J.: 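This is the structure, below, for whatever I ask next.
Just so it is clear, the model here is predicted, and its values are computed rather than measured. Residue numbering restarts at 1 for every chain, and letters A, B, ... go by the order of the sequence lines.
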Protein chains: 2
Amino acid sequence: MHAEEVLASELANDAANEAWRLVAQLFMRRAGRAADVANSYGLTPGHMKTLLTIEPDEPKPMGALAETLHCDASNATWLVDRLEERGYVERQAHPTDRRVRTVALTPEGIKVRDEIESKLYEAPPEFSALAGAELDALCATLRKVTPAD
Amino acid sequence: MHAEEVLASELANDAANEAWRLVAQLFMRRAGRAADVANSYGLTPGHMKTLLTIEPDEPKPMGALAETLHCDASNATWLVDRLEERGYVERQAHPTDRRVRTVALTPEGIKVRDEIESKLYEAPPEFSALAGAELDALCATLRKVTPAD
DNA sequence: TATTGTTATACTCTATAACTATA
DNA sequence: TATAGTTATAGAGTATAACAATA
């Protein structure tokens, strides 16, 4: 690599880092909102995250839930206990392995989960102010840098 | 507003919401990394955030610190206590109001803070893979939607 | 014997209330 | 009297360890 290429690469990296910093700042500035949404449903952030982690019609084993939430199995038990008391989820038997208990959303849980999701994914007003073409370009670029799970 | 305009506005809103959702997903996917960085310095996320909240050469009163961190004053005391034990910060007297104690970074604190900051703001590899022009456009758009404090 | 999940318990982080010292 | 910060204490959230059921 020649000197000019090294320099160009470093500049590109600066731009990449700046883009990432802006993404992080943007999100963190709105982080308080997520806590407010959880609060408005009388949920802790952890319980809200648990609710969002379970897909409708896809019962999830306790172990998988704990893994997704990056938490301990006993903590997952506690989180699900509270959501079950509320009637948002229910534990079910696993069809083949009787050691496993899966957690499924109830109709009420699905309703609340949908409401929460739409509130969390509501864009800040600055986004709507962008021109249509710029917004489309933004989405396209963001999709490129979003790893496919 | 005519029917076509309403429709266009809703579509724009969908694009805005998608952009926001992508930003949120992007960040959350990397959220674990922040905890890892904190951990690698033997800090809790809260202590790391505290360190990042204090600017070098800008001693910050305890009260202002608590406000920035959105936490209680007693919690701020606890956070600063631990950082002070480590030698990352030190409490100083306020020049005019003797009730106030300001918190300043030590040279060691500045060093660690810089290291942490550079790790946190390091872009995911997908960003660096973007073409220069697209990266610049991304930054420009993100700056537009970043409220000026 | 190994694995899934729960229970009992302890630890960490955060907040509320009472207190000290300055203003 | 009001304010800045600390200390004592309690609460919420999370983890570790021992246990029960099943594979």
J.: Please write out each protein N/O paired with an N/O of nucleotides 9-14 of chain D under 3.5 Å, distance rounded to 0.1 Å.
T.:
none

J.: To the nearest Å, how far apart are B/Leu69 CG and D/dG5 P?
T.: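 Distance check: B/Leu69 CG to D/dG5 P gives 13 Å.
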J.: Between A/Arg113 (side chain) and A/Leu51 (backbone), is there a donor-acceptor pair under 3.5 Å?
T.: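 Checked: pair present.
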J.: I'd like to know if B/Glu115 pairs up with B/Lys119 as an ion pair, taking the criterion as any Lys NZ or Arg NE/NH1/NH2 lying under 4.0 Å from an Asp or Glu carboxylate oxygen.
T.: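 Here B/Glu115 does not pair with B/Lys119 in a salt bridge, since their nearest N and O are not under 4.0 Å apart.
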J.: State plainly whether the residues B/Glu134 and A/Lys144 are in salt-bridge range, i.e. N to O under 4.0 Å.
T.: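 Counted as a salt bridge, because a side-chain N and a carboxylate O are separated by less than 4.0 Å.
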J.: Anything under 4.0 Å to a heavy atom of chain B counts; send over the first and last such nucleotide of DNA chain C, read 5' to 3'.
T.: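 Endpoints of the contacted stretch of DNA chain C: C/dC13 to C/dA23.
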J.: Between A/Arg99 and A/Ala73, who's closer to the 5' end of DNA chain D by nearest nucleotide?
T.: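 Its nucleotide being nearer the 5' end, the pick is A/Ala73.
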J.: Report yes or no: does B/Trp20 contribute a side-chain atom to a donor-acceptor pair with the main-chain N or O of A/Leu120 at less than 3.5 Å?
T.: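 Yes, B/Trp20 side chain to A/Leu120 backbone: donor-acceptor pair under 3.5 Å.
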J.: A/Arg91 near the nucleic acid: base, sugar-phosphate alone, or nothing, with a heavy-atom cut-off under 4.0 Å?
T.: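 It contacts sugar-phosphate atoms only.
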J.: Please determine if A/Arg91 and A/Asp81 form a salt bridge, counting it only when a charged side-chain N lies under 4.0 Å from a carboxylate O.
T.: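 Yes, charged N to carboxylate O under 4.0 Å.
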J.: Please report the shortest heavy-atom distance between B/Leu105 and B/Ile54, naming the atom on each side.
T.: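 Nearest heavy atoms, B/Leu105 then B/Ile54: CD1-O, 3.3 Å.
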J.: Between B/Arg98 and D/dA4, is there a contact of a side-chain N or O with OP1 or OP2 at under 4.0 Å?
T.: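 Answer is no, no contact under 4.0 Å.
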J.: Rounding to a whole Å, what distance do you find between B/Leu65:CG and D/dG5:P?
T.: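 The distance from CG of B/Leu65 to P of D/dG5 comes to 9 Å, rounded to the nearest Å.
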J.: Does B/Arg33 come within less than 4.0 Å of B/Glu122, counting only side-chain N to carboxylate O?
T.: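 Result for this pair is yes, salt bridge flagged.
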J.: If the threshold is 4.0 Å, N to carboxylate O, is there a salt bridge linking A/Glu55 and A/Lys60?
T.: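 No, A/Glu55 and A/Lys60 are not salt-bridged.
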